[in-house]
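Predicted, not measured: the structure shown is a model, and the values here were computed from it.
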Amino acid sequence: MKLNKDKLKKQLQKSQELKGKISTIQQDKNKNKKDKSKINKTLIKKIVAEENKKKDVSDDNLTPLQQKFKKKLAGAQFRWINEQLYTLDSKKAYKLINDKPELFTIYHEGFRSQVESWPSNPVDIFINQIKQKKGPIVIADMGCGDAKIAQIFENDKQKTIHSFDLISNNKYVTACDISKVPLKKNSVDMVIFCLSLMGINFIQFLNEAHRILKPGGELKIAEVVSRFTDMKEFISTLNNMGFKLLKKNDKNKMFVLFDFKKLDKNESNSKKNNNSNANNENEKVLLKPCLYKKR
């Protein structure tokens, strides 16, 4: 019996020693996990910091592969913003851009990149036409982007340029929804839409152009060729709104240029409609969204 008791004591001691070793090993493992966790968090912070630094690095300091991925990412962002601007009404687009102003910068950087591949930029055509105008003239540039027209004629006292877009990124631009601009009725000589009939309510933009134009005032439109489902119907719609087509230039493979005149009351067609009876479905039929394919 004594022998058995001695054996039991020894086994109990060994068991306790083994438990102690297991406990020590477990504590060491937990400590290692905590240490690894700390290391991972530190590493993540370093990676984030490095990525933030890359944002400030010019393309010249990037590898060809990094430049390729950066360009691809920028292209994807541009396509998404572009789709939103063409498929939302202007009120929602205004909120979208003003909630996240950086979207406007991304969009216009992408837009400039697209236009660089075109034979010519329609805004430059409009600028040359304005240069030929003599005497004082008041112009509303609707959807002006960086307000290039206003910048070109900044020191020309004969030319007053009102520039409107969803957000103001410089001193020349007034931020607003261009379906309702802060100008008086019959107050401008020329309204320009340079690739800016975006949004499903673009008919309201044209109605606003009619409101602010003086009788006999000019409406100039540049729009992407592929957007038109029926160009004759587009022109007919503007005729019914109180505009007369003076000239159409479709020689450029990328865009079409239109020159309209606002009719006075005596000239105006009886079908004239300033209250936009055309609904959104009709607007969509007249001009399709200009969406870019994924690459």
Side-chain angles (χ1 to χ4, degrees), residues 74 77-116 118 121-127 129-130 137-154 159-184 187-213 217-224 227 255 257-258 283 287 289-292:
Q77 292 173 325
F78 166 73
R79 286 192 297 271
W80 182 84
I81 300 166
N82 180 75
E83 182 174 346
Q84 302 309 304
L85 296 178
Y86 273 105
T87 56
L88 294 174
D89 63 47
S90 56
K91 185 177 180 180
K92 290 179 181 177
Y94 179 79
K95 185 178 186 305
L96 172 70
I97 295 298
N98 281 272
D99 285 348
K100 297 182 178 180
E102 64 273 17
L103 296 180
F104 187 84
T105 302
I106 295 169
Y107 172 77
H108 278 283
E109 285 177 355
F111 176 75
R112 281 191 290 269
S113 178
Q114 295 288 334
V115 173
E116 283 175 2
W118 293 8
N121 188 336
V123 72
D124 294 326
I125 295 173
F126 290 143
I127 288 169
Q129 292 175 351
I130 294 169
I137 183 172
V138 180
I139 300 169
D141 185 5
M142 311 282 263
C144 63
D146 296 328
K148 185 176 181 179
I149 295 174
Q151 294 185 51
I152 291 292
F153 296 104
E154 181 177 16
K159 296 175 177 64
T160 301
I161 316 294
H162 299 286
S163 304
F164 304 104
D165 214 320
L166 295 171
I167 197 169
S168 176
N169 64 345
N170 60 44
K171 66 179 183 179
Y172 306 96
V173 184
T174 299
C176 69
D177 174 351
I178 61 171
S179 69
K180 190 176 182 181
V181 298
L183 291 176
K184 294 181 179 180
S187 61
V188 304
D189 302 291
M190 181 187 296
V191 172
I192 294 174
F193 289 99
C194 187
L195 308 174
S196 56
L197 290 177
M198 306 171 75
I200 58 174
N201 63 323
F202 68 85
I203 289 290
Q204 292 177 17
F205 306 167
L206 296 169
N207 280 328
E208 183 68 348
H210 191 280
R211 182 186 72 81
I212 64 176
L213 270 173
E218 298 177 69
L219 170 64
K220 291 183 177 291
I221 298 172
E223 200 46 75
V224 178
R227 293 197 65 198
F255 55 84
L257 298 171
F258 299 92
E283 292 170 14
L287 288 177
C290 183
L291 304 180
Y292 294 91

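- Put simply, the side chain of Ser90 never gets that close to the backbone of Asp177: no donor and acceptor are under 3.5 Å apart.
- Counting heavy atoms from C-beta on, the side chains of Ile192 and Val123 never come closer than 4.5 Å.
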From CA spacing to verdict: side chain to side chain donor-acceptor pair (under 3.5 Å), Asp146, Asn169: CA-CA 7 Å; Asp146 296 328; Asn169 64 345; 2.8 Å; yes
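- When the options Val181, Val191, Ile178 are evaluated for a side-chain contact (heavy atoms from CB on, under 4.5 Å) with Phe205, the one that passes is Ile178.
- Taken to the nearest 0.5 Å, the CD1 atom of Ile149 stands 13.0 Å off from the NE2 atom of His162.
- When side chains are defined from C-beta on, Tyr86 counts as touching Arg227, because their heavy atoms get closer than 4.5 Å.
- When Ile167, Leu166, Asp165 are each tested for a side-chain contact (heavy atoms from CB on, under 4.5 Å) with Val173, only one passes: Asp165.
- With hydrogens and angles disregarded, a donor-acceptor distance shorter than 3.5 Å links the side chain of Arg211 to the backbone of Leu183.
- Considering only heavy atoms from C-beta on, Ile139 stays 4.5 Å or farther from Phe126 through its side chain.
- For Glu218, the salt bridge (charged side-chain N to carboxylate O under 4.0 Å, His left out) partners are Lys133, Lys220, not counting sequence neighbours.
- Shown here are the side chain to side chain donor-acceptor pair (under 3.5 Å) partners of Lys171, two or more places apart in sequence or in another chain: Glu154.
- Of the possible polar contacts, none joining the Asn82 side chain to the Phe78 backbone as a donor-acceptor pair under 3.5 Å is found.
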